[in-house]
Amino acid sequence: MKTSELKYKSSQMVWPKAPYNFGATVFKPSHYPDLTKVYEPDKYWFPLRFRGGIYGVKLINRGTVNKPKIQLFIFSNKPQNKKGIQDIITEVSYRFEFNHDISEFNKKFKKDKVLGPFIKRLRGMRMNCAYDLYGLLMIGIFLQNTVVRRTVQMTNSMLSEYGAKVRFDNKEMFCFWKPEEMMKVPEQDLRVLKVGYRAKLFIKTSKTFVKEKIDEFVLRRMPREEIKKELLKIYGVGPETARILLEECFHSRGVFEHVAPWQQKIYSHLLFNKKLVPAKKIVRYIQKNWGEWATLASHYIWEDIFWQRKNGKKIEWLEREIRL
DNA sequence: CATCAGGGCCCTG
DNA sequence: CAGGGCCCTGAT
């Protein structure tokens, strides 16, 4: 495989809207590890497919939660111009919610009996999505109907075979293939990589992306319910994958309507201190308590336990559910 | 050894 | 609307 060397570099300073929690926003400990990004405390590297090109983006935290400041480096394989740089910054701002105003969320719930402690620990955390819609959909397919270990294995083998390897700032990582490429791959070639029946999904959804000219920039301007309707039309996208895409890629934060069985167990522990509470009850509870902020609220509750785990706390019941 | 379910989804009856 | 099948793998 050919590695793209991104040797042209530019640097800009950006000031996200406070409060902005850099670490908790760029890195999500609940996500499975893969080769598409690199995280170190206060630093984050990822490839960005944008307008037909691949760029390398590096974010460095130069501020605090209350006085956020981020240095944003762009790496490319050809010289950069002002307009291009500005457009990439706008895109990264969208993906990492630099300009979202969450002050109302904090004000409203910092003394909330349930949510308060979570907000205290993760204050300024937002949703993020380093991927474009197509990339995140690929992740969604890797997640379907399997355990995390196998998801990781499938992702890595597919990236090594079909991904675009990029190198910048002395880091190497993979960017997902383009749908135009994947739609032409014979199903048998994918089956060899042990992705099972997902082989068909990768090819079919790629064809859909190309033929229907699915454009996430158009979707972003539509109301949530419209986006959801469009996403569910894609073969292989059901309620859970749509939820992932809506929350992460489209930054939808007001509607909480679906929990997968795995999440159901974890929310049952965290919110009800019980082994298994009916999914419907969990959904109602979260939506009722935190209304137009329900998704963001659930995100705080969700990520918190994984941060504790990352920071070395042993949580027996959680380990059983993760099974890495 | 066999059987089963897993961070779903589609299709069928 | 319930239930079976799908790839593969580790757990039982």
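Chain naming here is simple, since letters A, B, ... match the order of the sequence lines and numbering starts at 1 in each. Computation of the quantities below employed the complete heavy-atom set of this structure, encompassing side-chain atoms and omitting hydrogens, waters and symmetry-equivalent molecules.
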Fill in: Same apolar cluster: A:Tyr39 and A:Met173, side chain cutoff 4.5 Å
no

Check your understanding: Side chains of A:Trp177 and A:Tyr134: do they bring a donor and an acceptor to under 3.5 Å?
Key -> yes

(Q) Quiz question: by atom type and distance under 3.5 Å, do the side chains of A:Arg126 and A:His251 form a donor-acceptor pair? (A) no

For DNA chain C, the expected dot-bracket line (Watson-Crick or G-U under 3.5 Å, [ ] crossing, | inter-strand) is ||||||.|||||

If you look at every strand shown and take non-hydrogen atoms under 4.0 Å, does [X] touch a base, only sugar-phosphate, or nothing?
{"X": "A:Ser30", "answer": "base"}
{"X": "A:Ile234", "answer": "sugar-phosphate"}
{"X": "A:Gln263", "answer": "nothing"}
{"X": "A:Thr151", "answer": "nothing"}

For [N] versus [M], give the span between their [atom1] atoms, rounded off to a whole number of Å.
{"N": "C:dT9", "M": "B:dC10", "atom1": "P", "answer": "24 Å"}
{"N": "B:dC9", "M": "B:dA5", "atom1": "C1'", "answer": "16 Å"}
{"N": "C:dT12", "M": "B:dG7", "atom1": "P", "answer": "13 Å"}

Would A:Lys9 pass as a cation-pi partner of A:Phe75, given that its NZ or CZ must be under 6.0 Å from the six-membered ring centre and within 45 degrees of the axis?
no

With A:Glu257 as partner, the option from A:Arg224, A:Lys280, A:Arg243 fulfilling salt bridge (Lys or Arg N to Asp or Glu O under 4.0 Å) is A:Arg224

Residue pair [X] / [Y], side-chain heavy-atom distance below 4.5 Å:
{"X": "A:Phe176", "Y": "A:Asp132", "value": "no"}
{"X": "A:Phe142", "Y": "A:Met158", "value": "yes"}
{"X": "A:Glu303", "Y": "A:Lys28", "value": "yes"}

The residue, A:Lys204 or A:His31, whose nearest nucleotide of DNA chain B is more 5′ is A:His31

Whether each nucleotide of nucleotides 3-9 of chain C has a protein heavy atom under 4.0 Å at its base (B), only at its sugar-phosphate (S) or at neither (-) is summarised, 5' to 3', as ---BBBS

Show the numbers, then the answer: is there a side-chain hydrogen bond (donor to acceptor under 3.5 Å, both in side chains) between A:Tyr235 and A:Thr208?
-> CA-CA 8 Å; A:Tyr235 185 88; A:Thr208 306; over 6 Å; no

